[in-house]
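Input: a single structure, listed below in structure tokens.
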Amino acid sequence: MAEVIVLDTPDDAGRFVAAHIAREVRANPEFTLGVATGSTPLPVYQALHAESEAGTDFTRLTAFALDEYVGLPVEHPESYRSVVDREVTVPLGLDPARVHVPDGSVEGIQTAGARYEAALEANGGVDLQLLGIGRTGHLGFNEPGSSFGSLTRVKTLTERTRIDNARFFDSLDQVPIHCVTQGLGTILRARHLVLLAFGEGKAEALAAAVEGPVSASMPGSAIQLHARVTVVVDRAAASELKFRDYYQWAQDHKPDWQGI
Ligand code: PGA
């Protein structure tokens, strides 16, 4: 079962997760971080920036993004390559050569998934994967129905996800229909999953992912198959969790040596 940590605000969650990552990076500067995009991980990136300013050296970190839109030029401000550069690579001073994002260009799209899997494998996988969850329950862009064994490949976004992401674009028409995303099988290979969710709008999907039946209809429920998962949420996102009193009890009695 996932460890569930409920904190007061997204900023508290960001600082908590960033402090853990910074400790790991100080112990192993060659750490590999799986980065997510969207609004959810931003407090983590802000807090990582503070860790960097306070002296943690991230220059040897390797990063792998979860997904990318198909057909959006990389220089478009909402391509995930641009988002990762803006939110992670530049503020943390990462070596751009160590920052990987799936190739969403239309030319060569048939091999984009296999090339990304090869890059992940050559790197030796991901140490810690940051994850958000969509209101459809998606992890990465693995929409409902995605196989738990799936690898990086082209997927079709649901209309729900396109509408949710239209806030980053001038209009819904500009939101791509296709993406390249790590599969659920790819994500499950990361050595530690850290799932973040904030706000009431995520409460239902979060509860289904953490406590509901394991089903491809709820891609987030794939986390229940992983041996090391930390779910870090605010009170609003936790509001539909049936066992939240128990999660709090477990936190209150957690041995100091355990970490997350
Ligand atoms: P959000 O997206 O962080 O922008 O809400 C999460 C997701 O779609 O996985």
Side-chain angles (χ1 to χ4, degrees), residues 2 7 9-14 17-18 33-48 64-70 72 77-84 86-88 101-102 104 126 128-146 150 152 155-169 172 174-184 186-188 190 193-210 216-223 226 229-240:
L7 297 172
T9 67
D11 283 342
D12 291 336
V17 172
L33 180 66
V35 291
T37 47
S39 308
T40 305
L42 295 179
V44 177
Y45 302 145
Q46 278 150 18
L48 282 174
F64 278 88
L66 280 172
D67 43 20
E68 177 60 286
Y69 292 114
V70 171
L72 207 58
E78 295 307 329
S79 78
Y80 285 170
R81 165 62 74 181
S82 293
V83 172
V84 169
R86 190 165 64 235
E87 306 294 348
V88 184
V101 179
V126 166
L128 183 152
Q129 178 65 56
L130 293 170
L131 296 167
I133 185 166
R135 289 201 290 164
T136 61
H138 68 210
L139 298 183
F141 274 142
N142 292 280
E143 299 286 22
S146 296
S150 52
T152 308
K155 286 289 287 182
T156 309
L157 299 176
T158 59
E159 275 307 276
R160 170 78 270 156
T161 296
R162 292 186 66 240
I163 292 165
D164 284 348
N165 286 10
R167 69 187 192 281
F168 296 114
F169 294 83
L172 178 59
Q174 293 178 8
V175 185
I177 292 173
H178 294 105
C179 61
V180 188
T181 181
Q182 287 190 30
L184 293 172
T186 317
I187 292 168
L188 288 172
L193 303 182
V194 175
L195 175 67
L196 302 153
F198 306 126
E200 221 178 283
K202 297 293 175 71
E204 198 182 324
L206 182 83
V210 174
S217 299
M218 171 41 69
S221 67
I223 65 168
H226 196 287
V229 183
T230 310
V231 175
V232 185
V233 296
D234 65 3
R235 296 199 185 281
S239 59
E240 302 277 326

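Both ligands and their constituent atoms are indexed starting at 1 by order of listing.
Heavy atoms from other residues, nucleotides or ligands lying under 6.0 Å from CD of Gln174 number more than 12. Within 6.0 Å of atom CD in Glu78, more than 12 heavy atoms from other residues, nucleotides or ligands are found, so the atom counts as buried in its surroundings.
Aromatic ring orientation, Phe141 versus Tyr69: tilted (interplanar angle from 30° to 60°).
Distance from atom 3 (O) of ligand 1 to its nearest protein heavy atom, with residue and atom name: Thr40 OG1, 2.4 Å. Atom 8 (O) of ligand 1 has as its closest protein heavy atom His138 NE2, 2.6 Å. In this structure, the protein non-hydrogen atom closest to atom 5 (O) of ligand 1 is Lys202 NZ, 2.6 Å.
Under a 4.0 angstrom heavy-atom cut-off, Arg167 registers as being in contact with ligand 1.
Remark: the backbone N or O of Arg162 is not paired with any side-chain donor or acceptor of Asn165 at under 3.5 angstrom.
Interface atoms of ligand 1 facing Gly38, defined by a heavy-atom separation under 4.0 Å, are 3 (O), 4 (O).
For Ser39, a nitrogen or oxygen atom sits less than 3.5 Å from a nitrogen or oxygen atom of ligand 1, counting backbone and side chain alike.
Counted by atom type alone, Asp164 and Thr161 present zero donor-acceptor pairs between their side chains at under 3.5 Å.
In this structure, the separation between CD1 on Ile177 and NZ on Lys155 is 15.0 Å, given to the nearest 0.5 Å.
Contact annotation for Thr161 and ligand 1: no heavy atom of the residue comes within less than 4.0 Å of the ligand.
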